[in-house]
Amino acid sequence: MTVDSRLAGLREPQVQRQKSSLFRQSLKRLMKNKLAVAGFGVVVFMFALCFIGPFFSPYADNKINMAMMNKAPSLQHLLGTDALGRDILTRVMQAGRISLTVGLASMVLSVFIGALLGAVAGYYRGIADQIIMRIADLLMTIPGLPLLFIFGALLSEWKVPTDYRMYIVMLMLSIVNWPGLARMVRGQMLSLREREFMQAAVVLGLRDSRKLFHHLLPNVVPLLIVMATLNIGGAILSESVLSFFGLGVMPPTPTWGNMIDAANNMIDFQDHPWLWIPPGLSIFATVIAINIFGDGLRDVLDPKQKR
Amino acid sequence: MKHLMKIEGLSTVFHTEEGKVTAVDHVSFQVREGETVCIVGESGCGKSVTAMSIMGLVEAPGGQVNGGQIDFAGEDLLRLDKNTLRAIRGNEIAMIFQEPMSSLNPVMKIGEQIMEPLMVHLKLNKKQARIRAIELITQVGIARPEQIFGSYPHELSGGMLQRIMIAIAVSCSPKLLIADEPTTALDVTIQAQILDMLREFKESGGMSILLITHDLGVVAEMADYVIVMYSGQIVEEGGVVELFNHPKHPYTRGLLKSKPVVGQRLEELYSIPGQVPNPLTLEQSCYFHDRCEHCMPVCRSRQPRLEELGGGQKTACWLYEEAEVHV
Amino acid sequence: MSTYLTKRLLYMLIILFAASLLIFILYASTPGDFITGNIKLTAERKAELREIYGLNKPVLERYGIWMNNAFHGDFGYSLAQQKPVLQLFNDYIWNSFLLAAVSTFLTWVIAVIVGVISAYKQYSWFDTLVMVAIFAAMSLPSFFIGLFLIKILAVDLKWLPPGGMITTGSHATGLAYLKEVVRHMALPVVVMTLLGLGSLTRYFRSNMIDVLKQDYIRTARAKGLKERKVLFRHALRNALLPAITLVGFELPALFGGSLIIEQIFNWPGIGQLYMKSFGLRDYPLLMGFTMFIAILTVIGTLLSDILYRVADPRVRL
Amino acid sequence: MSEALLEVSHLKKYFPVTEGLLNRTVGHVKAVDDISLTLQPGETFGLVGESGSGKSTVGRTILRLTEKTAGEVKFKGVDIHSLSPAELRLLRPRMQLIFQDPYSALNPRVRVGDAIGEALLDHGLCTKHEVRELVLESLAACGLSSYHIDRFPHEFSGGQRQRIGIARALILNPDLIIADEPVSALDVSIQAQIINLFSKLQQSKGLAYLFISHDLSVVEHLCSRIGVMYLGSMVETAARDELFHNPLHPYTKALLSAVPVPVPRLKRERIVLKGDIPSPANPPSGCKFHTRCPFAVEVCKAENPVFRDAGGGHFIACHLA
């Protein structure tokens, strides 16, 4: 027995507390983690910057300005201008909209697919489990990046209009990401099934639907929230790689990844670093904030930490 | 009898997320040479933390011994530097734990784990340590010692592992053996074997035992002197016969009455109402007051002191301090 | 043990078979091919070449041929390089291995040391610093940090070469050659180490934290062992044990090169070869490479399992 | 004799021991090996044994939480193991289970009130309007307060959680409650409260208990008939006073003498058993107890003793007695 668990025995319920809510209790514990709160602050800031920022920018129309080509950062253009004289700060914000949207949407999609298939596999087991997990195994055997590259090449051939490419990119990322999530959800379901409270549910003669929706899923959701959060960061990174190599979202739709593509040009790389460093730092700042926040969430929500 | 260890005002606190918990609150007692002292109490009463404080092993996040002294063979354990304390630990004071299954390192062979203290404290070389380890395995009543020497913990049963733990503990002939719930995780027939063995080692080696347990049956069987703890404090102590025959504190009495005894069935069990108070919200009062049948106004506002009642028995209860109540 | 192995091997083969089919179909449906992309060829010549390479046959038949050859140890013939795929792999793989081996080694050493210290001093300022560094490392876009370091250390400060394995036109031999390679390796190794460090350090840190809470650590301390011994003899062994499974998972990374890093640093490894061939749609090579990684992944997983079973006395077959 | 509430005859539960991932069966753990017992309405039968005796598996197999290997379980004359899942579900409320670990038996994300009331709703035993009232009633019967209804399990101590578990079973008005070590995880003072609660509920509701425990003193307090198990087999069954004052099987004798009694300096004759409990995967031949039995003779090693009536409903499986 660890000292922690001995102390757990010491902690008695406080009688005076009002009707409690697990959500509020978790939130309270999360607020104590300063690092996580800071991470959340940065995430909110990045979202606000990207989605609201452009409305306050005088350069939001992306007008080509030949007089202002490749200018270094100045008071007028805080992060300089690109080869067409467009304001980099504004471009970064507009690119962020796409990058964040792709990250968020692909997370939603992969969590949806992963959680659904994982839950089906873990709850019904048998044939469904076999089929789903074998497909997951298969997808995890093929290396992710080449797989994404092939998808990316397919996109180019199908002549997907650039406006729609971002949706396909979301789909691609989800296809690559769901097996990991499905495995995790399945594992969680299987371990929950063995818990005594699930045996209690059997003895009480509860219906299958109640067992699934009232007992199993609520115990998977916290872990899912954590994984989903961390997944956004991963998706943003993957999207940037794809777009950087010209296989993801393509200009003129700006994303952080395809803005860094400027670095593929020797002159821009060496002499105009303001073209590609700001979007890179934006990716870094956003992803690190998401990761730190996600880790804080894990401390609060992951039942492994609690007892 | 000379005292071997004398604890004076020991306090240990844990700083938890929800606040400060005083797990051990000004505890004083002594262990005489060759004597078995039992600390008895329910979970959370601070009996295990007391043991860990003696060993200097309270280091969980936020845990800290913050007062008192532990005089052991003329030295204050709380003021020793780390290295000196380490030389005493496992050597002059040894300890065994509740869960034999998890108390041995799963990836090290049993033999290696017995040899360690022999090599560290008695400065034996590998060869001598091996010979001694095999002797020790034989001494704790395990057949085929050579084979056991080379096996891993998961290959042995809980009872065997507790024997191995005892072998490790007695390997350096300690003056004091601290046993923290040594039989709680074991079956009754195995418990009987382990208790017998502890008694034998005590008698043959002349060591003292500090036995921590929640089981009054074990206490009656093993103890010379008994300490009853509640919410981090000692509420009663005394010789085993006096304490069992004439318990003074209402908590002690309640405990003794609420335990069903084989062969002495009653129609209804006595039970102490309520539950242990929340250690985070303790106030100046007798901590037992809201479960006590004899609760008086003074019990709610002031803490009783542990007072001698004669016959070596002490208790902390206002019932026995009536003279002072009206001060 | 043997029944277990047989079963695993069988499953491995099935997965690989399915993977090969999937890979083939994916590449087969990828638009364009090496011949289409070559504008120097006449239409007749193109048709002729298609005939020669069997590209005009139905997909499944081509797959059959490909698999049949693969079973005979022939993974095809690179159209762009005019060399057998296997030979090309052999030419490039060791460059990749050099990079990966050095950075993997560094990653593990640093991760174990930092992870252990950080766990031991949980909640200290050092630990907090390590945690932030871990998150930073896990959040780096690989290509960006590569470019960033090239820009600063190679372009601006000119401390290190910006890319390649040797200086262009250099004919250095012996020690001078070695020195040149080491200088060229420095940046990609740093980046790869950095990228791997985050998750691995975190893994060791949390493993170690878990182990330090165990009862047997308390027992070790109660025996009066020195803290160093408790940490490295009792705790580390238990913390490292589950990490053995990771060794197998490193396999694809060790031999499969890194697409992004090798591309950014212009390192003549198998990853860069893939990137070059991808632009040229050199299918035999692309499929061979993808299949190669898939095989490594499957072998790696098996290896992890076996290693774990060998290393942990508690797991018996 | 009136119709028995529960009739278990020759129940066997073997768990296959498999090797490798191919799951080749190489042997069986005979967790329950030919157990028979009868329980009358309102009676309490105590099942005693040490770890590995299979006492918990008996409980779980009766409730069909695991499928039996052989034998029969009749509850009110119905063979439980022949029911379809839907039929079994309808019968579930009649027989309930109380768990040992009050921490893991409650879903951490379900409010106490919901946990207690949900089965009623699921079985359509009451309407949504009535459920709160019934839950409150059940809480009160188990010594909990009405304000506990909206709390989550982690806000309760071990003893209170056990009360919640009892309330959850009780609300269904079962005929039989199988209690698997329900007080083992609790402190002495709390243990007494829960034991008294069990007695009180039995008197007021006419419940029958199958009380599984390793603690002889608790079993003696609560049970009218007691069975002693060793390595999957019943070695002795008798009425309470008969068993405690006139134990016939050497194992029962040893068990009784091994229990520490809270009377200091008590001189009593004690049978200390040698060695460990053998593994149920590889039990000894003949009488399974012969390896530790102080009185074992040749025949014990070779022949499995028959479980027979030694007179007056005192059953025993021993060659010597």
Side-chain angles (χ1 to χ4, degrees), chain B residues 40-45 141 143 156-160 183 185-193 195-196 214-224 226 239-245 251 254-276 278 291, chain D residues 48-53 143 156-160 183 185-200 214-223 230 240-241 244-245 251 254-266 268 270-279 292:
Chain B
V40 64
E42 299 178 286
S43 42
C45 73
L156 307 186
S157 68
M160 295 252 255
T183 56
L186 306 175
D187 282 312
V188 230
T189 56
I190 308 297
Q191 164 169 289
Q193 297 170 354
L195 293 181
D196 273 1
H214 70 281
D215 188 334
L216 290 162
V218 171
V219 176
E221 204 160 287
M222 298 291 290
D224 298 310
V226 184
V240 65
V241 179
E242 295 79 46
L243 193 124
F244 272 79
N245 292 344
Y251 176 64
L255 268 190
L256 281 166
K257 272 195 283 179
S258 55
K259 186 181 163 58
V261 180
V262 169
Q264 301 174 18
R265 186 173 181 276
L266 305 164
E267 266 323 299
E268 203 196 332
L269 271 184
Y270 175 86
S271 72
I272 305 173
Q275 49 187 341
V276 181
N278 181 351
R291 302 178 75 186
Chain D
V48 192
E50 296 180 285
S51 51
S53 65
F156 292 87
S157 65
Q160 286 174 314
V183 296
L186 306 176
D187 278 316
V188 188
S189 70
I190 307 300
Q191 194 174 320
Q193 295 174 0
I194 300 294
I195 291 172
N196 285 341
L197 178 62
F198 271 110
S199 310
K200 194 188 89 186
H214 72 278
D215 190 333
L216 285 161
S217 58
V218 173
V219 168
E220 185 192 15
H221 186 85
L222 276 173
C223 305
Y230 186 77
R240 179 215 307 139
D241 292 336
F244 277 84
H245 296 118
Y251 177 63
L255 213 51
L256 279 169
S257 78
V259 182
V261 175
V263 179
R265 307 279 187 264
L266 181 74
R268 56 178 178 150
R270 165 177 271 183
I271 307 165
V272 175
L273 294 178
K274 307 165 282 184
D276 259 324
I277 304 164
S279 155
R292 302 175 76 199

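Labels below follow one simple rule: chain letters A, B, ... track the order of the sequence lines, proteins then strands, and each chain is numbered from 1.
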What are the two closest heavy atoms between [X] and [Y], and how far apart are they?
| X | Y | result |
| --- | --- | --- |
| G217(B) | P260(D) | C-CB, 3.3 Å |
| Q193(D) | P273(B) | NE2-C, 3.5 Å |
| A192(D) | Y270(B) | CB-O, 3.5 Å |

If I take atom [atom1] from residue [X] and atom [atom2] from residue [Y], how far apart are they, to the nearest 0.5 angstrom?
| X | Y | atom1 | atom2 | result |
| --- | --- | --- | --- | --- |
| D276(D) | D187(B) | CG | CG | 9.0 Å |
| Q264(B) | H221(D) | CD | NE2 | 13.0 Å |
| H214(B) | Q191(D) | NE2 | CD | 7.5 Å |
| I190(B) | S51(D) | CD1 | OG | 8.0 Å |

In T189(B), D196(B), L195(B), the residue satisfying side-chain contact (heavy atoms from CB on, under 4.5 Å) with V272(D) is D196(B)
Where on [X] is there a heavy atom nearer than 4.5 Å to chain D: the side chain, the backbone, both, or neither?
| X | answer |
| --- | --- |
| M222(B) | neither |
| A223(B) | backbone |
| Y251(B) | neither |
| V219(B) | neither |

Please flag which part of [X] lies under 4.5 Å from any non-hydrogen atom of chain B: side chain, backbone, both or neither.
| X | answer |
| --- | --- |
| S199(D) | neither |
| I190(D) | both |
| N196(D) | side chain |
| K274(D) | backbone |

Answer whether the closest heavy-atom distance between the side chains of S217(D) and V261(B) falls below 4.5 Å.
-> no
Would a 4.5 Å heavy-atom cut-off, applied to side chains only, mark V240(B) and R265(D) as touching?
-> yes
May I ask you to decide if [Y]'s main-chain N or O and [X]'s side chain share a donor-acceptor pair within less than 3.5 Å?
| X | Y | value |
| --- | --- | --- |
| Q275(B) | G158(D) | no |
| E42(B) | S189(D) | yes |
| Q193(B) | G275(D) | yes |

If you count heavy-atom pairs under 4.5 Å between each of [options] and chain B, which one has the most?
| options | value |
| --- | --- |
| H214(D), H245(D), R292(D) | R292(D) |
| V219(D), L255(D), I271(D), V259(D) | V259(D) |
| L256(D), V263(D), V261(D) | V261(D) |

Counting heavy-atom pairs under 4.5 angstrom with chain D, the leader among R265(B), R291(B), E267(B) is R265(B)
